[in-house]
Amino acid sequence: MILKNKYPICEFDTSKNPVIHPADFLAKNLPEKCVITFFRKELDRFVMENNLPVIGYLNSEVFDIPVYEYVYGTDRLCITMAFCGAPGAAVTLEELHAMGCEKFIICGGAGALIKDSKVGEIIVPVSAVRDEGTSYHYLEPSGEVECHKETVETVISCLKQMKRRLFLRFLSIIIFRLPSYYMPVMM
């Protein structure tokens with residue numbers, strides 16, 4: 001059922017049954033755990049250093065993204081890149097989930113509007129301002145969406161433990177994503 005609104009962007013379809021579902025045409029053959037990165041050079045280096053096998057692909061008309069298998073002790077996981085932009089990232093998650101992935105961690109890069117931020121800092125999002133259209137297909141309209149509280153607490157706890165050993169600096173902040181690289185920001 002579509003919840004109507006004066007502003008179409010604020011309408012919401014409560015139906016959980018999509019017209020096209022990736023589980024209808026993708027085999028469930030990937031590990032439960034998945035790392036998605038937006039750092040291509042680092043992924044390529046990691047794949048070469050660890051001789052990771054390709055166990056699948058995320059397919060598109062433009063190019064196919066390989067999905068690699070990494071075994072760490074008894075843990076089997078896959079590592080891949082995502083398609084660009086919010087719709088591309090959503091397709092990536094939907095397809096990886098249809099292929100068997102249940103738990104995800106996503107590593108990406110971002111600019112910052114914080115004066116004293118440094119390159120290489122770890123940013124842990126606690127919530128995000130919604131200024132794009134893709135998330136409105138998954139969640140009811142709102143100006144902001146909070147991250148899963150227990151997950152954020154676990155990540156911060158692990159980073160605090162690592163900080164003692166590695167002298168990491170990390171921030172937990174509200175993020176704002178620009179729908180266009182060159183869009184003016186009003187401050």
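- Not one N or O on the side chain of Asp24 forms a donor-acceptor pair closer than 3.5 Å with the backbone of Ile20.
- Within the model, atoms SG of Cys101 and NZ of Lys28 stand 10.0 Å from one another, a figure rounded to the nearest 0.5 Å.
- If you take CZ on Phe104 and OG1 on Thr151, they are separated by 13.0 Å, rounding to the nearest 0.5 Å.
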Which side-chain N or O atoms in residues 50-57 pair as donor and acceptor under 3.5 Å with protein atoms at least two apart or in another chain?
unit_1	atom_1	unit_2	atom_2	d
Asn50	ND2	Phe46	O	2.9

Apply side chain to side chain contact (heavy atoms under 4.5 Å, CB included) to Val152 and His148, showing your working.
CA-CA 6 Å; Val152 170; His148 186 260; over 6 Å; no
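- Listed here is the closest heavy atom pair of Cys34 and Leu96: SG-CD1, 3.8 Å.
- In the hydrophobic cluster analysis, where Ile, Leu, Val, Met, Phe, Trp and Tyr join through side-chain heavy atoms closer than 4.5 angstrom, Val19 is grouped together with Leu26.
- Shown here for Thr80 and Leu43, the closest heavy-atom pair between the two residues is C-CD2, 4.1 Å.
- Across all non-hydrogen atoms, the minimal contact from Tyr138 to Ala90 is OH-CB, 3.6 Å.
- The ring pair (Phe, Tyr, Trp, His ring centres under 6.0 Å) contacts involving residues 79-101 comprise Phe63-Phe83, where partners must be two or more places apart or lie in separate chains.
- Pairs engaging residues 71-92 under the salt bridge (Lys or Arg N to Asp or Glu O under 4.0 Å) rule: Lys33-Asp75, Glu69-Arg76 [sequence neighbours left out].
- Heavy atoms only, all atoms of each residue included: Thr134 and Ala86 are closest at OG1-CB, 3.4 Å.
- Side-chain N or O atoms of Ser127 include none that pairs as donor or acceptor with a backbone N or O of Cys147 at under 3.5 Å.
- Between the side chain of Ser157 and the backbone N or O of Glu153 there is no donor-acceptor pair closer than 3.5 Å.
- Using a 4.5 Å cut-off on side-chain heavy atoms (C-beta onward), Ile36 and Leu93 make contact.
- Within a 6.0 Å sphere centred on CD of Glu49, other residues, nucleotides and ligands contribute more than 12 heavy atoms.
- The structure places CZ of Arg45 at 11.5 Å from CZ of Phe39, a figure rounded to the nearest 0.5 Å.
- The minimum heavy-atom distance linking Leu58 with Met81 is given by the pair CD1-O, 3.5 Å.
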Let's go through Val145 and Val129 carefully: what are the C-alpha distance in whole Å and the side-chain angles of both, what is the deciding distance for side chain to side chain contact (heavy atoms under 4.5 Å, CB included) to 0.1 Å, and is it a yes or a no?
CA-CA 7 Å; Val145 63; Val129 174; over 6 Å; no
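- Of the inter-residue distances, the one linking Phe38 atom CZ with Cys107 atom SG reads 10.0 Å to the nearest 0.5 angstrom.
- One hydrophobic cluster, built from ILVMFWY side chains closer than 4.5 Å, holds both Val67 and Tyr72.
- The same ILVMFWY cluster, assembled from side-chain heavy atoms under 4.5 Å apart, contains both Ile105 and Ile79.
- Hydrophobic clustering of Ile, Leu, Val, Met, Phe, Trp and Tyr side chains at less than 4.5 Å, counting indirect connections, unites Met99 with Ile106.
- More than 12 non-hydrogen atoms from other residues, nucleotides or ligands lie less than 6.0 angstrom from CD of Glu102.
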